[in-house]
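Report on the structure given below.
By convention in this document, chain letters (A, B, ...) are assigned in the order of the sequence lines, proteins followed by strands, and residues within each chain are numbered from 1.
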2 protein chains.
Amino acid sequence: MENKQTARQGDMRKAILDAAMRQFGAQGYEGASLQAIADEVGIAKPSLLYHFDSKNRLRKAVLESLLDHWKNELPGLLSNADSEHDRFTSTITALVSYFMEDESRARFALREALDRPAEIRGLIKKHLTPWIALVTDYIRLGQRLGVVKQNVNPEGYIIQVMTMAIGTVALGHVSAALFGRDRALSKEDIIGEMVRVGREALFVNPMAPNKDR
Amino acid sequence: MENKQTARQGDMRKAILDAAMRQFGAQGYEGASLQAIADEVGIAKPSLLYHFDSKNRLRKAVLESLLDHWKNELPGLLSNADSEHDRFTSTITALVSYFMEDESRARFALREALDRPAEIRGLIKKHLTPWIALVTDYIRLGQRLGVVKQNVNPEGYIIQVMTMAIGTVALGHVSAALFGRDRALSKEDIIGEMVRVGREALFVNPMAPNKDR
DNA sequence: CCTACCGATCGGTAGG
DNA sequence: CCTACCGATCGGTAGG
């Protein structure tokens, strides 16, 4: 009862963050106006600035909500796996599912990397570096075990997989229609081929069953 | 002599197109102002609108300059190759070189796909469809010859390679610093790993010498 | 190619 | 959470 007001404010903040992510993702930060975001939420523009002091702070809050998700998700993802193949499959599935669940996430993340490379580089370094290092360690372990190809460049490989995952989702509406109706591709086809490419490039035996050691 | 004036105007148009591509690529279409573009060229804003009737027409002219390059380049690229491996190497090298030569090209292309998916889809369909169909035909030929893996989805594969090529160049400044100084990656490392990923996912024998039939 | 200028919209503030 | 309003900047025009 004492936090009824707080709960309502929390709901409103979440509604604003959702609308902002969609608008920023679709129109870009400069292209999206506070007016359009306020309209989508159903409030007046100054009311929006009561919850977030400025457009820039609103953007940072959206960014933070993405980072928080992965800071909570990554630890479990990387430890709960019985084999290298499982680890690859569950990690890339979680990565792609998260962005496909709401494509605005992929578009927003891609735009931020284009608009503010220095800031995004700093955020990644600060929040994601230990987890990325863990992935490269696993790849090197796989190489010693003979499960992962020797010619894989672990750091470069991670960049390619992340670029494919975010890029494929963010550009889905463009690329799916690259071919005539007769050769139309479903989202599942595109994602499936992405996983296949990542798998073939990584594993000595890409089609190995679940257990590999 | 009679076209001295025309030559000067052509030079000015080219200077404006260059500045516009850099500004659009770095700041986005909405984020880049005509004033900033005019400043970079060293003329007044209304002078810019004498050469291009509106900001939107200037954007379309930049887009057209990218498409024209590939409409001229692709025919030669796809026919001048002695083997499937050569075709893959020369095509992906040309693709990546073109974007690396001026990274604004990759950023601008990526932003346009995000900002105006319907328009870009239409442009690709109109200008690039026959060449893309030729590439899928080559992949299917390679599969019949036993050079290309049977589980490749030709359409999906092309999407992944294009996403990797454009995304890797456009996001180079962000991704290169994902790792500490001790594991720093050069552009060549990143591009090399991209080519390796594409090759391993495509060929039955990724390390085959030049001739394969 | 320039100076001078236009209406519209932007992010943000005052005050309640 | 709202109405009313601000200065700054936007793309674009008039006129030379």
Side-chain angles (χ1 to χ4, degrees), chain A residues 1-64 108 111-112 115-116 119, chain B residues 1-64 108 111-112 115-116 119:
Chain A
M1 208 166 278
E2 84 263 36
N3 53 9
K4 195 180 256 181
Q5 172 84 358
T6 323
R8 280 211 198 96
Q9 283 193 6
D11 287 354
M12 182 53 81
R13 273 183 66 97
K14 199 178 171 310
I16 293 172
L17 285 173
D18 279 2
M21 172 144 62
R22 266 203 303 282
Q23 287 287 330
F24 289 155
Q27 321 289 337
Y29 177 75
E30 299 290 345
S33 66
L34 292 179
Q35 189 62 65
I37 296 170
D39 287 350
E40 192 175 318
V41 179
I43 58 177
K45 189 179 64 173
S47 311
L48 195 153
L49 289 164
Y50 162 77
H51 292 278
F52 299 91
D53 290 355
S54 70
K55 192 186 186 185
N56 195 38
R57 279 182 192 271
L58 175 55
R59 177 186 66 77
K60 287 188 178 174
V62 175
L63 210 42
E64 200 179 338
F108 175 74
R111 286 185 186 278
E112 283 297 298
D115 288 349
R116 277 161 284 279
E119 180 182 337
Chain B
M1 211 165 275
E2 84 263 37
N3 54 10
K4 194 181 259 183
Q5 172 85 358
T6 323
R8 281 211 198 97
Q9 285 193 6
D11 288 352
M12 183 52 82
R13 274 183 65 96
K14 198 177 171 313
I16 293 172
L17 285 173
D18 280 2
M21 173 145 60
R22 267 202 302 282
Q23 287 287 330
F24 289 156
Q27 322 289 338
Y29 177 74
E30 299 289 345
S33 67
L34 291 179
Q35 189 62 66
I37 297 169
D39 287 351
E40 193 176 319
V41 178
I43 57 176
K45 188 178 66 172
S47 311
L48 195 154
L49 289 163
Y50 161 78
H51 291 278
F52 298 91
D53 291 354
S54 70
K55 192 186 186 186
N56 194 39
R57 277 181 193 272
L58 174 55
R59 177 186 65 79
K60 287 189 178 175
V62 175
L63 208 42
E64 199 179 341
F108 175 75
R111 285 185 185 279
E112 283 297 298
D115 289 348
R116 277 163 285 276
E119 180 182 336

Under a 4.5 Å cut-off applied to non-hydrogen side-chain atoms, are V62(B) and E112(B) in contact?
-> no
Would you say V41(B) and L48(B) make side-chain contact, with heavy atoms under 4.5 Å?
-> no
For the pair made of CZ in R57(A) and P in dG12(C), what is the distance, rounded to whole Å?
-> 11 Å
How far apart are the C-alpha atoms of R59(B) and F52(B), what are their side-chain angles, what is the distance that settles it, and do they pass the side-chain contact (heavy atoms from CB on, under 4.5 Å) test?
-> CA-CA 9 Å; R59(B) 177 186 65 79; F52(B) 298 91; over 6 Å; no
If we call it a pair only when both distances are under 3.5 Å in a Watson-Crick or G-U wobble match, what pairs with dC5(D)?
-> dG12(C)
Roughly how many Å is it from CG in N56(B) to C1' in dG12(D), rounded to a whole number?
-> 13 Å
Nucleotide N/O of nucleotides 9-11 of chain D paired with protein N/O under 3.5 Å:
from	atom 1	to	atom 2	distance (Å)
dG11(D)	OP1	K55(B)	NZ	2.7
dG11(D)	OP2	L34(B)	N	3.1
dG11(D)	N7	K45(B)	NZ	2.8

Separation of dG12(C) P from Y50(A) OH (nearest whole Å) = 18 Å
Ignoring hydrogens and angles, write down the donor-acceptor pairs under 3.5 Å from the side chains of residues 27-34 of chain B, residues two or more places apart or on other chains.
from	atom 1	to	atom 2	distance (Å)
Y29(B)	OH	N56(B)	N	3.2
S33(B)	OG	A36(B)	N	3.0

Which is it for L58(B) and L17(B) under the side-chain contact (heavy atoms from CB on, under 4.5 Å) test, yes or no, and what are the steps along the way?
-> CA-CA 7 Å; L58(B) 174 55; L17(B) 285 173; 4.2 Å; yes
Between I43(A) (CD1) and dT3(D) (P), how many Å, whole number?
-> 12 Å
May I ask you to decide if A26(A)'s main-chain N or O and R111(A)'s side chain share a donor-acceptor pair within less than 3.5 Å?
-> yes
